[in-house]
> 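Attaching a single structure in structure tokens format; questions to follow.
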Protein chains: 2
Amino acid sequence: MGFGNVSERRSAPPQVGVSVVILALGPRDADDTGTTPNAAHSQLWMPLVKRVRQPFMGSWALPGGHLRADRSLEQSAFAALESTTALHPRYLEQLYTFGDPDRSHGGLPMVSIVYWALVEQSEAAAFEDGDNVRWFPEHDLPQLAFDHRAIIEYALERLRSKIEYSDVATRLLGPTFTLRQLHDVYEAIAGQSIDLANFRRKMLASGDLEDTGEKRREGRQRPAAVYRYVPKEPVNDTVQRSGIPGSPSAYSGNHTVASLEPRHNAAHDDALAPLTPSAQR
Amino acid sequence: MGFGNVSERRSAPPQVGVSVVILALGPRDADDTGTTPNAAHSQLWMPLVKRVRQPFMGSWALPGGHLRADRSLEQSAFAALESTTALHPRYLEQLYTFGDPDRSHGGLPMVSIVYWALVEQSEAAAFEDGDNVRWFPEHDLPQLAFDHRAIIEYALERLRSKIEYSDVATRLLGPTFTLRQLHDVYEAIAGQSIDLANFRRKMLASGDLEDTGEKRREGRQRPAAVYRYVPKEPVNDTVQRSGIPGSPSAYSGNHTVASLEPRHNAAHDDALAPLTPSAQR
DNA sequence: ACAAAAGTGTTCCCGCTACACCCATGA
DNA sequence: TCATGGGTGTAGCGGGAACACTTTTGT
């Protein structure tokens, strides 16, 4: 392998890899343990892996993997996600590509194409921590390798903004949910209280929630109506090409079920949910 | 160099490069020539380069270049931009990273980290087309190589959304401008008419425009007040690390003046204006 | 019957739209 | 003095925030 001299190595292209920020809703009340002050609402958790080599050996880092020329970036991200955590995300979207020379801190210069994923609560709850993979709550992260701390912050920002004009919130829950559950998700992400009455009206007014007819009892009081996310947006499947954010390019492997999921309207910015199999706005 | 067998090549990492979508406001009325129907408002133009090799030889493509391990992605994007067009963008932001295996169409599998840039009108107007570099209007693009057409579409989408909560519009003009000029930009990007009276009020109400005291005559009637973009947002320069979207990591080279520019509030999505030298929001 | 959660009503305010209007300037 | 563009006024609509209220259920 080895490159020639220093200047050759400098003008050479850097290494490239994929990393994933995986987010899931934590259990409702882990705060009775006294660790967190008194979190009124739930929190987001994410799995991290322990580094076994320098630099940052022993620190925690985002799950990651390599790129392969015969796979899409999304597939590579998915592979990285699955290989370390065996989770099935309900949402997966490119976040940003990081490539600053000094982010490697002594390692090889590295360009990281970072994705972020949402996993539904139940699946995350079933996951057992191992020696080298452990879940951490958003507000109590350990020492992180490289610039991963900032990357996570950025992913959370993206989530916070995206919740306002897309269906990401529902991806942290199962396919059906009560308005209170959804409300909890919004509060967890926003980090502040939201008027329940107005929230409920706004959600129902959006027209994207369909009453399943079921009732579900969350606490031990009156059961709540159960809804499903079903956007009315007719889905315009027109000029989209593969590899383009709006168009998913379906996995070749058949991992990731949880597929026949809602489309959503891209009100504002960028990439949509590539996990969705059909093209969308 | 050559790789071994097919499967080795498949699992090998793909090539990586940078491309840039460069946008500038076109001249006010190129429509008298009869080419375009009767464009009420200005249009966006972008420079493209002609490909001189297969695949897509002879087609037009986005300006691009290589990555170097000793340069940030932004610097590489800037270099690519400057080497082909010698322009000085007033805005530069990462757009998306494309890496689908089949986007190469017979060439080597290629991951493209795409940036988009805004150039001020006057500079773009001064630019002379060459044999291999030519400006095209948004609504009359030629045959494009690879998935570049879709990439451009995506960049335009991003611009359209970003105009609503950031200062990108001003980056298509000089450092100072009249409200009418700004209005034109908005119409060009939105592609539709916007009530001037309300527009003016909204802009002024935002508090980000400062009256310079000057007057400027655009047509040959009453001169208009000249404004400067000066966001009030106090700029929180806190925990930002280099390589992270919000933090610019200033060019090592000193190209790109046009630097002491406004910060803006990141209302919604993702990367801010990395051209801005000071950290923001 | 009481507590807790589900779900509804009502009021106020603010921002955006539409469109009418007045003012400054040069030909 | 008239045309053109700069700039202001105003009435109405609609969505969100605040918060009081009713209904359903389990203990």
Side-chain angles (χ1 to χ4, degrees), chain A residues 28-29 32 40-42 160-161 163-165 169 173 176-228 232 265 267-268, chain B residues 28-29 32 40-42 160-161 163-165 169 173 176-228 232 265 267-268:
Chain A
R28 182 67 203 233
D29 278 354
D32 287 337
H41 15 256
S42 323
R160 277 191 284 268
S161 74
I163 201 180
E164 277 161 32
Y165 60 92
L173 300 169
T176 64
F177 45 84
T178 66
L179 277 177
R180 171 164 293 272
Q181 285 183 297
L182 194 59
H183 180 248
D184 280 353
V185 174
Y186 272 75
E187 286 197 337
I189 294 173
Q192 60 180 352
S193 301
I194 299 170
D195 184 289
L196 186 51
N198 294 328
F199 176 81
R200 137 191 307 280
R201 248 188 311 259
K202 193 168 142 190
M203 283 301 138
L204 294 178
S206 80
D208 290 343
L209 294 186
E210 185 185 79
D211 194 331
T212 62
E214 295 176 65
K215 300 277 172 189
R216 187 181 299 170
R217 203 166 60 240
E218 211 59 38
R220 51 191 143 326
Q221 257 56 47
R222 175 176 175 184
V226 175
Y227 294 89
R228 190 199 334 270
K232 46 186 179 329
N265 37 345
H268 272 131
Chain B
R28 181 66 205 229
D29 277 353
D32 287 337
H41 14 258
S42 322
R160 276 191 286 268
S161 75
I163 201 179
E164 278 160 32
Y165 59 93
L173 299 169
T176 64
F177 44 85
T178 66
L179 279 177
R180 170 163 294 271
Q181 285 182 296
L182 195 59
H183 181 249
D184 280 353
V185 174
Y186 273 75
E187 286 195 338
I189 293 173
Q192 59 181 355
S193 302
I194 299 169
D195 185 291
L196 185 52
N198 294 328
F199 175 81
R200 136 188 309 279
R201 249 187 310 259
K202 191 168 143 191
M203 284 302 137
L204 294 179
S206 80
D208 291 342
L209 294 186
E210 185 184 77
D211 194 331
T212 63
E214 294 175 66
K215 301 277 172 189
R216 188 181 299 171
R217 204 165 60 239
E218 211 59 38
R220 50 192 145 323
Q221 257 60 44
R222 176 177 175 184
V226 175
Y227 294 89
R228 190 199 334 273
K232 46 188 179 326
N265 37 347
H268 271 131

> Supply the atom-to-atom distance B:Ile189 CD1 to B:Asp184 CG, rounded to the nearest 0.5 angstrom.
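Rounded to the nearest 0.5 Å, the CD1-CG separation comes to 11.0 Å.
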
> To the nearest 0.5 Å, what is the distance between CG on B:Leu196 and CE on B:Met203?
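Reported value, rounded in 0.5 Å steps: 11.0 Å.
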
> Treating primed atoms plus P, OP1 and OP2 as sugar-phosphate and everything else as base, which nucleotides of nucleotides 17-27 of chain C get B, S or - for protein heavy atoms under 4.0 Å?
BBB---BBSS-

> Mind running side-chain contact (heavy atoms from CB on, under 4.5 Å) on B:Phe177 and B:Leu209 for me, showing each step along the way?
CA-CA 10 Å; B:Phe177 44 85; B:Leu209 294 186; 3.9 Å; yes

> Let me confirm one number: the CZ-CG distance from A:Arg201 to A:Asp195, rounded to the nearest 0.5 Å.
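Between A:Arg201 CZ and A:Asp195 CG, I get 7.5 Å after rounding to 0.5 Å.
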
> Earliest and latest nucleotide of DNA chain D, 5' to 3', sitting under 4.0 Å from a non-hydrogen atom of chain A?
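Here the contact window of chain A covers D:dA17 to D:dG26.
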
> If you measure from CG on A:Asp211 to CG on A:Leu179, what distance do you get to the nearest 0.5 Å?
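Rounded to the nearest 0.5 Å, the CG-CG separation comes to 9.0 Å.
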
> For B:Ile194 and B:Tyr186, which heavy atoms make the closest approach, and how far apart are they?
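For B:Ile194 and B:Tyr186, the tightest heavy-atom pair comes out as CD1-CB, 3.7 Å.
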
> Rounded to whole angstroms, how far apart are CG on A:Asp211 and C1' on C:dA6?
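Roughly 13 Å, once rounded to whole Å.
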
> With a 3.5 Å distance limit and no angle check, can you tell me whether A:Thr212 reaches the backbone of A:Arg228 through a side-chain donor-acceptor pair?
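Flag not set: sc A:Thr212 to bb A:Arg228 has no pair under 3.5 Å.
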
> What is the distance, to the nearest angstrom, from the NZ atom on A:Lys215 to the P atom on C:dA5?
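Rounded to the whole Å, the gap is 17 Å.
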
> Pick from B:Glu214, B:Arg216, B:His183: which one makes a side-chain contact (heavy atoms from CB on, under 4.5 Å) with B:Thr178?
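Among the candidates, only B:Arg216 passes.
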
